[in-house]
Every structure is written in C-alpha cells, then in structure tokens.
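As a basis for the values below, the full set of heavy atoms in this structure was taken, side chains included, without hydrogen atoms, waters or symmetry mates.
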Amino acid sequence: MKLEIGWLVNLILCVCVCVCVLTGGDVCITGHDSGPVFEEQPSSVVYPEGLSKGTVTLNCQARASPAATYRWHVNGTNVPVGDLRYTLVAGNLVISGPQYGSDGGSYQCLAMNRCGTILSRVANLKFGYLHDFSGEGQSPQTVYEGAGAFLACQAPAHYPALSYRWFVNDFPSFVKPDGGRWFVSQVTGNLYLAKAEPNDTASYFCFTTIDMDISTKSTFSKANQLTVQPDANTRKSAPAIKVRFPAETYALAGHTTQLECFAYGNPIPKLRWRKVDGLLPSKAGASAEGPILTLPEITFHDEGVYECEAYNSEGRDKHQGRINVQAQPEWLQVMSDSEVEISSELHWTCVAAGKPRPSIRWLLEVNGGRLKVINLALEDSGMYQCVAENKHDTIYSNAELRVQVQAPDFRSNPVRRLVPAARGGQVMLECRPRAAPKPTLFWSRGTELLTNSSRVTVTPDGILWIHNISRADEGKYTCFAENYLGKANSTGHLSVRDATKITLAPSNADINQEENVTLQCHASHDPTMDLTFTWAHNGALVLDIIEFQLNSNYIQYWDLLIVSGQLSQAGTYSCTAQTVVDSASASAKLVVRGPPGPPGGLVVKNVAETSAELRWSRGYDNHSPIGKYVIMGCSPLSSGWRTMRTEPSNIEGNAESARVVGLLPWMDYEFQVIASNILGSGEPSMSSHTVRTQQAAPTVAPSGLGGGGGDRNELIITWTPMAREYQNGDGFGYILAFRKRNTPTWVVERVSNVESSRYVYSNQSLSPYCPFEVKIKAYNRKGEGPFSQIALVHSAEEEPTVAPLRINATALTAFEMQVSWDPVQHLSIRYWRQHEREAAADRVRTAGLETTARVAGLRPSTRYHVTVLAYNSAGTGPASPKSTVTTRRPPPNRPPGNVFWKTDGSWVTVRWDHVKALGNESAVLGYKVLYKHEGQSALKVLDKGKTSVTLPLPKDNGYVVLEIRSWGEGGDGAAHETIVSPSMA
C-alpha cells in the first residue's frame with residue numbers, strides 16, 4: 001500500500017522511565033538465549049454445527065532458545081489444556097468434538113521462555129450452519145409474455161454467506177443465463193427474468209450452498225410456480241433496472257469486489273459498465289458487459305463512481321453508485337530487537353497504514369505484575385509487542401529488549417594490532433570495548449598521555465585522529481577504558497607508508513552517440529602495498545573495465561573504454577587509485593551528443609470538435625539544438641500511434657505549443673510529442689491524459705440503404721449501422737424518410753438505437769411490390785446530418801397465384817431427370833416416389849427465367865411424380881398439374897475386367913474384356929476412358945464394339961492414370977483404375 005493513500009499511525013515507545021521487576025525465575029543469558037519469534041500462527045476456522053466427532057486444530061509454533069512453552073486464551077481466559085477435549089500438541093491446540101456455545105470465540109496463543117512472552121494474532125472459531133427452507137411455499141406467479149418477473153429465494157438462517165443457484169422442475173436442471181434473460185443475484189438469491197416467454201412456465205427451486213473449512217452443505221426451497229400467459233400483442237419496452245447495487249459500497253483493498261445490475265425489457269436489454277469519474281479498470285475484463293461487474297484485487301486507484309447502463313432498441317436506463325476502498329492495517333515501520341546499556345534510553349517506533357486509521361497500542365510482558373518508575377534497568381529486559389488494529393484486522397510486531405551491564409572488555413573488539421598510514425595523510429584509531437555502562441576512554445603513546453593538539457584529536461567516544469602524518473609518528477598506541485565495574489586496555493602499532501598519487505589523469509571528452517572513447521588513469525604508490533583502481537560514473541561504481549598493468553616503477557593504470565557511447569553514459573567519471581592506507585582520485589567530464597530527450601509537461605487544452613491545443617516544455621537537447629517536433633496520437637479506433645495533422649504543419653524546434661487538427665468529434669484521444677535534431681528523433685514524451693473531443697452533428701449519411709421483402713402490407717428498409725467514428729456524439733439515432741414513387745409527401749420516422757439496421761413499416765393499404773423512394777440520415781444531441789442518396793425499395797410481394805404450364809419430366813439416367821416448363825420467375829420443383837406422400841416431397845429451386853432444371857440423386861427404375869410451383873419473397877404459389885416419370889435401369893455395377901496394356905514407343909495400347917449387363921441393368925452402349933496426368937485429364941468415349949484404345953504417353957516419361965468404365969442409358973458404370981508408366985513396361 002502506498003504511503004500517501006492510506007491513513008498513517010505511528011507510536012514511539014520511549015523506554016526511559018519504565019522498569020518491569022522480575023520476581024524470580026530463570027535469567028535470560030546474553031549471547032546464548034533468545035526470546036520467542038512466531039513461525040506459525042493460528043487462523044480462523046468455520047466448523048459445521050452439530051458435527052460431534054470431528055476436531056479443530058489451531059496452529060502455533062515459535063522459534064526460541066531455550067525452546068518455548070505455550071498457553072492458550074479463549075475470550076481472554078485460559079484454555080483448560082489437559083481437559084479431555086483440549087490437547088496441546090507441540091504448540092498446537094487440538095479441540096475434540098467442538099461444541100457450539102462452549103467452544104466458539106476468539107483464541108490467542110502465548111509463546112514464552114525465560115527471555116519473555118509474546119501473544120499471537122486472534123483466530124476465531126465459529127460454527128457454520130444452514131437451516132432448511134420453511135415448509136410453506138410461495139404463492140404462484142403469473143406474468144404476460146414479454147414482461148419481466150422475479151422469484152424471491154427467502155433463504156433460511158445460515159452462517160457464513162451462501163451461494164445461490166436455481167433449478168427448473170427437476171434437479172439438476174439449473175437455470176442458465178440464456179442470452180441475458182435470466183439472472184441469479186448472489187446478494188439476495190432472487191431469480192430475475194428480463195423477458196418472459198411461454199416456455200418459461202415451470203416450477204422453480206432456489207438451491208443454496210454453504211462452504212465451510214471441512215465440508216459443504218446444500219438445501220433447496222419448495223417449488224415456486226411461474227406461469228407465462230401468451231400475448232399475441234406483445235409490446236416492446238424500454239429497459240427498467242430492477243437489481244441495483246448500493247449507492248455506497250465499501251471494498252477491502254486486495255480483495256475482489258462485485259457490483260450487480262439487471263434490467264427488465266423487450267428486447268432483452270444489454271448491459272455495460274463505466275466509471276463516471278475515470279477510465280473503467282481493465283481488470284474488469286468481460287464483466288464490463290454483464291450483470292456482475294467484477295474488480296479483482298481492488299486498489300485505491302479503483303475508487304470512484306460506477307454506472308450500469310441497460311439499453312435496447314426502445315431506450316435505456318442507468319444506475320450509479322460509489323465504491324469506497326478501505327484497507328487492513330499494514331506495517332510501514334516496526335521495532336527490532338535491541339541491546340542497550342543499563343541506565344540509557346531506548347526509542348522504538350511503530351508506523352502503520354490502513355483505512356480506517358489504525359489505532360496502535362503496546363503490549364509489555366510484565367512478570368510479577370509490578371511496575372516501577374525508575375531509570376532503565378536489567379529488569380526491563382523482555383519481549384515487547386506493538387499492535388495496530390482497525391475494524392478489518394489486527395496485526396502484531398514483536399521485539400526483544402536486553403539491558404546490558406559489563407566491565408570494559410577488549411577481547412571481542414581490540415585495537416588493531418597494525419595500523420598502516422600514508423605520509424602527509426591522516427589516520428583513525430578506534431577504541432570500542434564492550435562495556436556497560438559506557439566507560440571513560442583515553443589514549444597514550446608509550447608513557448605519554450595524548451591530548452588534543454593541532455595534529456592530534458581524541459573524540460569523546462574514544463576515536464584517535466592523527467593528521468599530516470610523518471615518519472616520526474610511527475610507534476605503539478594504547479587505549480584505556482574504565483567504568484565502575486573495572487578497567488582494561490588494548491595496544492596497536494602505527495606504520496607510516498609512501499602516499500598514493502595520480503600520475504596521468506583522465507581528460508574531458510566530447511563524442512556523438514554510438515562513438516567510442518577511452519579515459520586514461522595512471523598512478524604511483526608505496527611498493528609494499530597493493531594498489532586497486534575503481535571508476536565511478538556520477539558517483540556510481542563502474543564494473544565493466546578493461547585493465548592493463550605495468551610493473552616497472554610501481555606504476556599501474558586502468559583505462560576505461562566506453563563502446564558505442566549512449567546518452568545515459570554522459571557525465572563525470574572519477575578514477576580512484578587506492579591502497580589500504582590512502583587513495584588518490586581524478587575526474588573528467590564526458591559529453592555525449594545525441595537525439596533530444598522526451599519533452600515534458602504535456603497538457604491538452606481548448607479541446608474543440610475536431611481540434612485540440614497541446615502545450616509542452618522543452619526536454620534536454622543533448623548538446624545538439626532541437627530542429628522540430630512531431631505530434632503523435634492514438635484513439636480507440638487506431639491500431640497504434642500515428643502522426644497527427646497540426647497547425648502549423650511544421651513545428652519548429654523553439655516551439656512549445658501547437659494545435660492538432662483533423663480529429664473526429666466525440667472521440668477519445670491520447671497524444672505524445674517527439675523532438676528531433678540532426679542526430680535523429682528522440683523518445684516520445686509521456687502520454688497526455690485521455691481527452692474527448694466535443695460533440696458535433698453527424699457529417700455523413702448511413703450507407704448500404706436498401707430493403708424489400710417481408711410479409712404482406714410491409715415495407716422493409718435496411719441500412720448499415722454507422723460506425724463509432726461517424727456518430728460524432730451521444731443520443732445517436734437514424735431518421736428515415738420514404739414515399740411512394742411519384743408522390744410529393746414524405747413519411748418521416750425516427751429510430752433511436754445506434755445498432756439498428758432495419759425498419760419495418762406496416763400499413764394495410766400498401767400494394768404488393770409497390771416502389772418507394774427511401775433516404776436516411778443520422779442525428780445526435782447536437783443536430784442532424786445530411787440525407788443519403790435516394791434508393792428505390794419495393795414493398796413486400798404477393799405470393800404467385802398462377803401455376804406453371806406445360807410441365808414435362810424426362811428421365812436422363814438411372815439417377816437423373818430433366819424437368820421443363822413455360823417461363824416463370826423463381827420456380828420450385830417438387831418430386832416424390834410413387835408410394836410416398838406428397839407432404840414428404842423433396843424440392844429443387846431455380847431462379848430467373850430458366851425453363852429447365854436437372855434433378856439428381858434419384859433411385860434407379862423408380863416411378864416419380866413431379867410438380868412445379870412459382871415462388872417469390874412473399875411465398876409459394878399453387879402447384880402445376882402432376883407429371884410422372886420413371887428413371888432408367890441402373891448401369892452395370894462391375895468395372896471392366898482383365899485390363900492389360902502394352903507400350904510401343906511413345907504410345908500405349910490398353911485392352912479389357914466386354915462388360916455384360918444383367919437383366920435388371922441397362923445395356924452397355926460403350927466405354928469411357930479418362931486419361932489423367934499431372935492434374936490434367938482428357939475423356940475418350942468409345943462405342944460398345946470397341947474394348948481397346950491407343951493413347952500417347954507423356955513426353956517426360958512420367959506415369960498416367962487411366963479410368964475405364966462402361967456407359968449406357970442408365971449412366972456410367974463402375975470404374976477400373978490402372979497406372980501406366982514406361983518404366984513398368
């Protein structure tokens with residue numbers, strides 16, 4: 001959670017006047033013992049009420065030395081561990097056969113050893129239950145077709161929250177959304193129906209389920225009878241929202257939040273969500289167009305006013321409510337284990353964020369129950385806890401305090417035995433013995449007590465400084481420490497060495513981006529010491545260095561090679577040569593010239609219908625003057641960023657504003673600005689906030705105007721719905737104007753739904769297939785657009801009244817027949833076998849002025865009846881008189897046998913045996929040979945006297961595929977396929 005979003009609470013514990021007096025027991029041993037630290041804490045549990053043979057385990061484990069012992073509290077009192085139903089396993093509390101009333105409550109674990117006691121977080125043991133529905137069913141409901149309705153669930157008493165489903169007539173036939181007609185509220189459990197249909201008449205049952213930690217339970221209601229009365233005059237209706245989310249919703253940060261919205265209406269309303277005071281979070285996903293808006297892992301940025309809109313062709317309805325995000329406490333700063341000297345002060349700070357603002361309190365483990373107000377003493381050692389809580393949660397932070405008392409002791413931290421130092425430099429000798437209370441410290445050289453002078457400084461905390469060192473300063477130095485418990489000393493030897501010097505310093509450099517540069521650095525040093533080099537860029541250590549070394553005259557150098565220099569590599573480079581006693585440094589500046597940096601402070605102002613003004617501040621020119629700017633833009637309709645038209649068209653490098661033109665009205669845009677110079681174009685600025693251009697009246701007319709067809713006495717007009725980029729504003733719709741051709745008066749109708757693509761005009765006086773002149777234009781809140789070109793549309797036709805004449809049906813083969821008639825537009829041929837009913841007839845349709853048609857897929861040797869009917873968009877006319885035809889006998893179903901072939905140069909001769917027809921088969925009139933090679937084919941037809949054929953072979957010596965079959969009046973017989981290849985001859 002970010003600091004600036006939540007509420008902050010901090011509390012400082014100043015332990016300077018409080019003493020907890022120990023009244024006995026073991027002593028916590030410094031350096032050996034440690035107080036408890038939780039590794040596992042208990043979690044809340046929901047246990048099924050009435051389950052007598054189960055167990056509940058509340059976990060508690062702590063790391064401690066010596067090992068921790070444990071106690072448990074429930075509702076502030078001790079848990080009687082050792083009772084038959086309460087068992088302690090390590091630190092875990094096991095409750096056997098938990099009972100409602102006696103075992104429910106808030107549990108906390110206490111972990112303790114001789115160093116102190118800590119308290120765990122609270123874990124609640126609650127009992128889950130789900131009672132049965134009442135024995136009385138609800139009164140039956142009756143609604144008319146097209147209307148909305150709901151069935152109340154009236155769930156029984158329960159804990160915790162339920163999930164709801166409904167089933168129809170029999171389990172498990174659950175209700176499904178069905179295109180948005182049905183909705184089950186997970187808040188009330190009620191079942192909602194947006195638009196009733198006659199087949200919705202049924203018995204409905206509310207099915208509820210409760211999930212607990214170790215089991216689930218379900219139950220369902222008595223039948224709720226719903227009857228839908230058919231209504232021949234079902235009317236359309238605008239949406240009416242019936243399921244409304246609260247005007248104020250409190251959400252917990254990091255959790256999932258859901259808002260419900262559902263509407264009645266005919267046609268079935270569609271739903272869409274938006275955030276009134278910002279952009280709808282992308283995390284909403286597909287739920288942004290459904291009855292439940294789902295926002296997973298909600299954050300403070302998601303706070304705001306949300307709106308649900310229900311809409312259909314008849315209108316729209318809206319509902320708004322606000323989401324307020326709150327948060328559990330979260331530590332921003334906690335205390336840590338501390339070791340302090342006796343009689344000193346300790347400051348601990350706890351800072352927590354949360355919403356509502358967390359309160360903070362301290363838990364101080366007090367042994368013996370007595371508290372004295374004196375200076376900090378040994379008895380203050382122990383475990384301390386800081387607790388932050390609000391209505392959502394309580395969190396704990398633990399720390400151990402140890403108060404120290406000790407005579408001076410240098411064993412763990414003596415004065416350094418050998419301290420090297422460079423001539424002309426300075427050196428620091430530290431004196432840091434362990435001691436409590438703080439000791440008195442002083443230094444000596446030999447027998448001489450050292451005091452502050454122009455070259456020597458002794459600080460109050462025992463540090464000895466020697467400045468402008470010379471060879472005469474070599475020798476032994478001793479630190480003495482003393483407090484009321486004793487005294488000690490420690491000695492070190494100061495050794496003076498030659499100073500380190502930079503002999504070749506790096507030089508300033510100036511390069512273009514992508515060029516190389518080398519910065520040099522040489523140094524001399526004391527020959528008894530190791531020398532190391534480091535480079536820093538603007539104070540940060542550089543790691544990628546190429547090293548070279550010369551051993552003569554104890555000179556070393558590290559050259560820094562920068563390859564393909566980038567703008568980010570410009571700045572100050574410092575070379576440092578260092579030994580353990582001193583160092584020397586030298587610096588140089590590197591200038592890298594390149595394309596400009598991104599402009600800053602981009603704002604959009606004076607947004608009009610098709611233009612907007614942009615202002616920005618100049619970014620870094622990166623040492624090359626800015627030559628020009630380009631403005632980029634994107635909208636929901638563009639696939640990415642594109643260059644925008646501007647005024648002026650060429651934006652010079654000294655400009656800090658321009659106007660973007662050629663925008664679409666009522667469209668969302670984001671903008672970026674890119675600067676360029678002779679070295680190229682730079683990175684774009686940060687994107688502007690999203691702006692929407694002003695609304696304007698439509699400027700283009702809808703396209704695709706046409707229509708026709710429909711039922712008698714109807715005029716159907718169709719068009720292509722206008723895309724979002726042409727709507728120019730909200731409140732969008734269409735204006736239709738139509739009139740009979742050659743009449744003066746226009747009929748004007750409005751269609752208010754942007755997605756509409758057709759309009760049906762009904763009038764009993766409309767003549768069949770009457771021509772109408774039609775035109776259309778768009779409108780929105782700002783005005784009307786231009787009319788389209790006039791289109792000619794005919795009213796619905798009347799079905800044909802005359803049957804086709806002179807019908808003739810002729811069998812072509814065993815499987816096909818040909819039907820002919822006198823010319824009539826749009827014919828339907830109906831045919832059926834002699835022993836079948838006419839109602840089961842198959843159909844073939846033709847269009848235009850054709851006078852013949854082939855009907856395939858027939859059965860051989862079968863008698864068929866045939867009729868022909870004229871049809872148009874209004875329906876089918878009367879059938880012609882019946883014609884009868886019998887299909888021919890089938891061809892032989894055996895392929896030619898004994899096929900063989902022989903090549904002669906570039907030709908092949910193929911021979912086969914004659915196919916003899918059986919008594920129920922049609923006679924063989926000849927043979928067909930199909931010649932196929934590399935995707936091409938040729939057909940050769942022979943009379944029945946020939947049973948061989950000579951064909952050319954391919955010039956590429958490839959193979960050919962031959963299919964040989966008989967033919968006759970019944971059609972083609974079965975084929976024999978053979979492959980011919982010269983290589984197989």
Side-chain angles (χ1 to χ4, degrees), residues 16 338-347 376 404-502 523-534 536 539 541 574-587:
C16 58
S338 297
E339 292 186 0
V340 296
E341 300 168 358
I342 193 168
S343 301
S344 64
E345 295 184 356
L346 168 72
H347 291 268
L376 191 63
Q404 301 287 330
V405 57
Q406 182 180 355
D409 185 349
F410 282 99
R411 285 177 297 179
S412 62
N413 193 21
V415 174
R416 288 174 58 192
R417 293 186 178 276
L418 177 63
V419 182
R423 283 190 301 174
Q426 62 182 16
V427 68
M428 178 184 72
L429 285 79
E430 289 187 299
C431 180
R432 298 193 182 279
R434 290 181 63 89
K438 185 178 295 184
T440 301
L441 302 172
F442 56 91
W443 285 87
S444 72
R445 182 184 180 194
T447 59
E448 177 189 2
L449 181 65
L450 298 178
T451 59
N452 290 341
S453 65
S454 60
R455 294 180 54 248
V456 176
T457 302
V458 180
T459 66
D461 57 354
I463 296 178
L464 171 63
W465 285 94
I466 303 175
H467 307 278
N468 193 19
I469 295 172
S470 66
R471 291 284 186 185
D473 293 320
E474 280 192 337
K476 293 183 178 180
Y477 291 79
T478 302
C479 175
F480 295 86
E482 180 179 356
N483 65 13
Y484 71 85
L485 296 172
K487 59 180 68 177
N489 63 76
S490 180
T491 301
H493 180 81
L494 176 65
S495 174
V496 180
R497 313 293 175 86
D498 291 336
T500 302
K501 297 179 181 179
I502 298 292
S524 63
H525 68 293
D526 189 291
T528 64
M529 310 288 287
D530 291 330
L531 180 67
T532 59
F533 278 87
T534 58
L541 190 65
S574 301
C575 167
T576 300
Q578 186 170 8
T579 66
V580 294
V581 298
D582 70 338
S583 63
S585 298
S587 300

(request) Report yes if the side chains of Cys431 and Phe410 come closer than 4.5 Å at any heavy-atom pair, otherwise no. (result)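 Contact flag for Cys431/Phe410 side chains = yes.
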(message) A side-chain contact here means heavy atoms from C-beta on lying under 4.5 Å apart; do Pro439 and Pro408 qualify?
(response)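 Counting from C-beta outward, Pro439 and Pro408 do come under 4.5 Å.
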(message) Which residue is it: Arg432, Arg434, Glu430? I am looking for the one with a side chain to side chain contact (heavy atoms under 4.5 Å, CB included) to Asn413.
(response)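 When side chain to side chain contact (heavy atoms under 4.5 Å, CB included) is applied between Asn413 and each of Arg432, Arg434, Glu430, only Arg432 qualifies.
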(request) Run through Thr451, Leu450, Val456, Thr457 and flag the one making a side chain to side chain contact (heavy atoms under 4.5 Å, CB included) with Ser453. (result)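 It is Val456; the other options fail the test.
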Take atom [atom1] of [X] as the centre, draw a 6.0 Å sphere, and report whether it contains more than 12 heavy atoms from other residues, nucleotides or ligands.
X: Asn452; atom1: CG; answer: yes
X: Arg411; atom1: CZ; answer: no
X: Arg445; atom1: CZ; answer: yes

Nearest-0.5 Å distance, [atom1] of residue [X] to [atom2] of residue [Y]:
X: Asn483; Y: Gln406; atom1: CG; atom2: CD; value: 9.0 Å
X: Asp498; Y: Thr579; atom1: CG; atom2: OG1; value: 10.0 Å
X: Ile469; Y: Ser495; atom1: CD1; atom2: OG; value: 10.5 Å
X: Ser490; Y: Arg416; atom1: OG; atom2: CZ; value: 12.0 Å

(message) Any side-chain to backbone donor/acceptor pair from Arg497 onto Pro527? Under 3.5 Å, distance only.
(response)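 Absent.
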(request) Would you check if the side chain of Trp443 reaches a backbone N or O of Gly462 as a donor-acceptor pair within less than 3.5 Å? (result)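 Yes, the answer is positive, given that a donor and an acceptor are paired below the 3.5 Å cut-off.
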(message) If you compare all heavy atoms of Tyr477 against all heavy atoms of Leu429, which two are closest, and at what distance to 0.1 Å?
(response)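 Looking at all heavy atoms of both residues, the closest pair is CB-CD2, 3.9 Å.
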